[in-house]
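Here the structure comes first, spelled out in structure tokens, and everything after it is commentary.
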Amino acid sequence: MFKSRYILCAFFLLLGMNIFAQKAERNYIRKGNRLFNDSVFIDAEVNYRKALDVNPKSTISMYNLGNTLSQQNKMKEAMEQYVAATKVEKDKMKLAQIYHNMGVIFQGEKDYAKAVEAYKMSLRNNPLDDETRYNLALAQKMLKDQQKQQNQEQEQEQDKKENQDKKEDQQQQQNKNEQNKPKEEQQQPDSEKQDKQMSKENAEQLLNSVMQDEKDVQDKVKKQQQVIQSGRLEKDW
């Protein structure tokens with residue numbers, strides 16, 4: 001009989017503690033909601049966290065805390081709360097809201113691929129949500145534009161790399177041709193090359209002059225021979 005009374009007392013004690021915890025959780029959530037509506041997001045965050053301390057599996061507290069954190073631009077922390085809520089929540093309508101907000105964060109961070117998936121998950125849980133359907137269409141378009149831009153940038157980068165490789169190949173070929181030249185030509189300064197070219201031209205002019213003089217001499221010899229053969233010999237005045 002004593003044992004039965006002890007068990008019964010323990011049961012009512014646990015029941016009373018559970019009721020007290022539920023009441024405390026609701027109070028923290030309600031206070032947090034009021035602060036959220038008044039845009040006092042830091043204090044709202046404090047109350048939602050207190051509600052989670054009382055009930056760590058409270059998806060309402062997780063969702064509301066995620067919304068409060070996103071209002072403070074703490075997107076990473078907000079996403080952690082949404083993800084945690086999706087692992088516990090069973091209600092489809094609430095899941096649709098959670099995934100919708102996840103999509104909004106991904107879209108804001110220009111991670112359009114993940115935004116598309118989040119919106120699709122939201123519509124699977126609530127196919128009648130027109131706002132989510134609109135956001136999905138917008139995210140899909142932005143994803144397509146993003147991929148197109150990335151492809152263009154990759155093509156430009158590839159063209160730039162190919163042009164750079166071509167220039168390097170040309171430079172290597174030029175260096176190779178320079179190395180294959182005779183050492184005298186490799187080491188010869190530009191001024192010496194010009195002097196050499198001028199000397200070659202002068203030599204050609206001198207040779208042409210000598211050849212012309214020799215021709216003139218031969219022409220004179222021929223004239224003298226003709227004079228001798230004709231019997232006339234005259235001196236020049």
Side-chain angles (χ1 to χ4, degrees), residues 11 14-151 153:
F11 172 76
L14 291 174
L15 180 61
M17 291 177 61
N18 187 42
I19 294 173
F20 175 80
Q22 290 178 356
K23 184 177 180 180
E25 177 189 351
R26 287 195 299 269
N27 288 338
Y28 285 131
I29 292 174
R30 288 170 182 168
K31 186 176 181 180
N33 291 345
R34 289 195 298 269
L35 291 166
F36 182 90
N37 292 331
D38 292 337
S39 300
V40 187
F41 300 118
I42 295 177
D43 291 341
E45 176 187 345
V46 171
N47 280 274
Y48 291 137
R49 290 191 184 279
K50 287 181 178 180
L52 281 173
D53 289 339
V54 175
N55 180 13
K57 294 184 178 181
S58 173
T59 56
I60 296 177
S61 300
M62 295 177 192
Y63 176 76
N64 290 356
L65 177 58
N67 294 343
T68 303
L69 291 168
S70 66
Q71 290 294 328
Q72 300 176 69
N73 291 322
K74 299 178 181 179
M75 300 305 180
K76 182 179 180 180
E77 295 179 44
M79 185 62 69
E80 291 174 353
Q81 293 299 322
Y82 292 143
V83 172
T86 61
K87 296 179 180 179
V88 181
E89 185 59 66
K90 302 300 181 182
D91 185 272
K92 285 185 174 295
M93 298 300 292
K94 291 180 180 179
L95 281 171
Q97 293 176 346
I98 295 170
Y99 281 116
H100 176 95
N101 286 7
M102 290 173 65
V104 171
I105 291 181
F106 284 131
Q107 189 167 337
E109 295 176 344
K110 297 183 179 181
D111 193 344
Y112 301 121
K114 290 183 179 180
V116 167
E117 292 304 316
Y119 289 137
K120 286 182 178 179
M121 287 296 297
S122 179
L123 287 172
R124 289 189 184 102
N125 287 279
N126 182 15
L128 302 179
D129 192 332
D130 291 335
E131 182 181 358
T132 300
R133 185 173 290 102
Y134 171 81
N135 285 10
L136 172 60
L138 180 61
Q140 288 173 328
K141 181 182 181 304
M142 298 179 79
L143 175 60
K144 185 177 180 180
D145 293 342
Q146 185 183 61
Q147 291 173 339
K148 182 179 179 180
Q149 182 178 356
Q150 289 175 347
N151 291 335
E153 291 176 355

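Taking each heavy atom of T86 and L95 in turn, the nearest pair found is CA-CD2, 3.9 Å. The two residues P56 and M62 make their nearest non-hydrogen contact at O-CE, 3.0 Å. The two residues L123 and D129 come nearest to each other via the heavy atoms CD2-O, 3.6 Å. In terms of heavy-atom proximity, Y119 sits nearest to H100 at CE2-O, 3.6 Å. In this structure, S61 and A51 approach most closely via the heavy-atom pair OG-CB, 3.3 Å. Closest non-hydrogen pair, A78 versus S70, comes out as CB-N, 3.8 Å.
Under a 3.5 Å cut-off, the side chain of D111 and the backbone N or O of Q107 do not form any donor-acceptor pair. Although no hydrogens or angles enter the test, the distance criterion places no donor-acceptor pair under 3.5 Å between the side chain of D38 and the main chain of V40. In this structure, Y63 contributes its side chain and K94 its backbone to no donor-acceptor pair below 3.5 Å. Counting only distance, with no hydrogens or angles, the side chain of N47 and the backbone of D43 share a donor-acceptor pair below 3.5 Å. Using modelled atom types, no side-chain atom of S58 and backbone atom of N55 make a donor-acceptor pair closer than 3.5 Å. Remark: the backbone N or O of K110 is paired with a side-chain donor or acceptor of Q146 at under 3.5 angstrom. A distance-only check finds no donor-acceptor pair linking the side chain of Y28 to the backbone of L52 [under 3.5 Å].
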For this session: Decide side-chain contact (heavy atoms from CB on, under 4.5 Å) for I105 and Y82; before the verdict, give the C-alpha distance in whole Å, the side-chain angles of both, and the deciding distance to 0.1 Å.
Result: CA-CA 11 Å; I105 291 181; Y82 292 143; 3.6 Å; yes
For this session: Determine, stepwise, if the pair Q71 / N67 fulfils side-chain contact (heavy atoms from CB on, under 4.5 Å).
Result: CA-CA 6 Å; Q71 290 294 328; N67 294 343; 5.7 Å; no
For this session: Evaluate the side-chain contact (heavy atoms from CB on, under 4.5 Å) criterion for residues F106 and M79: first the C-alpha distance (whole Å), next the side-chain angles of each, then the deciding distance (0.1 Å), finally the verdict.
Result: CA-CA 9 Å; F106 284 131; M79 185 62 69; 3.7 Å; yes
Problem set entry | Intermediate values then yes/no, side-chain contact (heavy atoms from CB on, under 4.5 Å), R30 and N27 | CA-CA 5 Å; R30 288 170 182 168; N27 288 338; 4.1 Å; yes
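For the pair L69/F41, no side-chain contact is recorded, criterion being any heavy-atom separation below 4.5 Å from C-beta on. Side-chain contact check for Q97 versus M93: every heavy-atom pair is 4.5 Å or farther apart. Residues Q147 and L143 are in side-chain contact: their nearest non-hydrogen atoms beyond the backbone lie under 4.5 Å apart. Residues T132 and N126 are not in side-chain contact: their nearest non-hydrogen atoms beyond the backbone lie 4.5 Å or more apart. Using a 4.5 Å cut-off on side-chain heavy atoms (C-beta onward), I42 and Q72 make contact.
Salt-bridge formation is not detected for the pair E80/K76: no Lys NZ or Arg NE/NH1/NH2 atom is positioned less than 4.0 Å from an Asp or Glu carboxylate oxygen. Between E109 and K114 there is no salt bridge, since no side-chain nitrogen of the basic residue lies less than 4.0 Å from a carboxylate oxygen of the acidic one. Between D130 and R133, at least one side-chain nitrogen of the basic residue sits less than 4.0 Å from a carboxylate oxygen of the acidic one, meeting the salt-bridge criterion. Ion pair K31/E25 not flagged as a salt bridge, since none of the NZ, NE, NH1 or NH2 atoms sits closer than 4.0 Å to an Asp/Glu carboxylate oxygen.
Residues passing the ring pair (Phe, Tyr, Trp, His ring centres under 6.0 Å) test with Y48, sequence neighbours excluded: none.
Between Q81 atom CD and I98 atom CD1 the span is 10.5 Å, to the nearest 0.5 Å. The line from CG of L35 to OG1 of T68 is 9.0 Å long, rounded to the nearest 0.5 Å. Between the CZ atom of F36 and the CG atom of L65 there is a distance of 10.5 Å, given to the nearest 0.5 Å.
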